[in-house]
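First comes the structure, then the notes that go with it.
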2 protein chains.
Amino acid sequence: MNEKDYLKLIGQNITKVRKRKNLTLVQLGDICNIEKSNLIPIEKGRTNVTATTLLKIANALEVDVQDFFKF
Amino acid sequence: MNEKDYLKLIGQNITKVRKRKNLTLVQLGDICNIEKSNLIPIEKGRTNVTATTLLKIANALEVDVQDFFKF
DNA sequence: TAACAGGGTATGTTTTATCATACCATTAGA
DNA sequence: TCTAATGGTATGATAAAACATACCCTGTTA
């Protein structure tokens, strides 16, 4: 898998979980202290997200980081 | 889990898989095009590794990225 | 027709991951 | 003993993530 698609899938997984939890980008951002303007590139797969940012988001969404890597 | 321990565990998982495959840091680095001097901080959990770097390492080690997040 | 909420974009700044190279210590083999 | 391999450290440069703020568009609703 190429890096572009891989980042896109991670982002899509985050979006899926966020919507499943009925959270807006602002709400998620409030919980994990990340601005929505920074969450959007992550969900769109436009940024090469770091491990700790994934941890913050996973904690906020109450899932395992691994869940973002299940394709 | 705090970020420090989390990064350390990711690194330890990478080290475990690398040793299981009987690869040195240089050999792993050759496969995924990452200098051993840059792999060491990752394995030690001293750097906040990015998603694509984890993908490169996972590909080189022939495992899923998820495997690095199993604690 | 406001006003607001939601998703999304743009951008300048700061921080830091990655790259690349050089170097050190220890250990095993010739 | 010398050499090479291995793990590890240090560092300067470059690319880019994260931060923070401001702004735009669309749909909804008072």
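It should be emphasised that the depicted structure is a prediction, and the values quoted were computed from it without experimental measurement. Within every chain, numbering begins at 1; the chains are lettered A, B, ... in the order of the sequence lines, protein sequences first and strands thereafter.
Atoms NZ (Lys36(A)) and C1' (dT9(C)) sit 10 Å apart, rounded to a whole Å. The CD1-P distance, from Ile10(A) to dA17(D), rounds to 12 Å in whole Å. Counting to the nearest Å, the P atom of dC4(C) and the CD atom of Gln27(A) are 18 Å from each other. When the P atom of dA5(C) is taken as reference, atom CG of Leu23(A) falls 16 Å away, rounded to whole Å. When rounded to the nearest whole Å, the span between CG of Asp30(A) and P of dC19(D) equals 14 Å. Put simply, CG on Asn38(A) is 12 Å from C1' on dT11(C), counting in whole angstrom units. With rounding to whole Å, Glu35(B) atom CD is found 18 Å from dG12(D) atom P. Atom NZ of Lys56(A) and atom P of dA17(D) are 15 Å apart (whole Å).
Annotation: of the two residues near DNA chain D, Lys44(B) and Asn48(B), the 5′-most nearest-nucleotide partner is Lys44(B). DNA chain D is contacted by both Val26(B) and Arg46(A); Val26(B) maps to the nucleotide lying nearer its 5′ end (nearest heavy atom per residue).
Side-chain contact check for Ile34(B) versus Lys56(B): some heavy-atom pair is nearer than 4.5 Å.
Annotation: Lys70(A), atom NZ; neighbour count of heavy atoms from other residues, nucleotides and ligands within 6.0 Å is above 12.
Here the CG atom belonging to Leu55(A) is positioned 9.0 Å from the CZ atom belonging to Phe69(B), to the nearest 0.5 angstrom. Considering OG1 of Thr50(A) and CD1 of Ile42(A), their distance stands at 7.5 Å, rounded to 0.5 Å. Here the CG-CD1 distance, from Asp67(B) to Ile14(B), works out to 11.0 Å after rounding to the nearest 0.5 Å.
Within the 4.0 Å cut-off from OP1 or OP2 of dA17(D), not a single side-chain nitrogen or oxygen of Thr53(A) is found. Taking side-chain N and O atoms only, Arg18(B) has a distance below 4.0 Å to OP1 or OP2 of dG7(D). Residue Thr47(B) has no polar side-chain atom (N or O) positioned under 4.0 Å from OP1 or OP2 of dT16(C).
Ile40(A) comes within 4.0 angstrom of a base, heavy atoms only.
For dT21(D), the base has a donor-acceptor partner in the side chain of Ser37(A) [N/O atoms by modelled type, under 3.5 angstrom].
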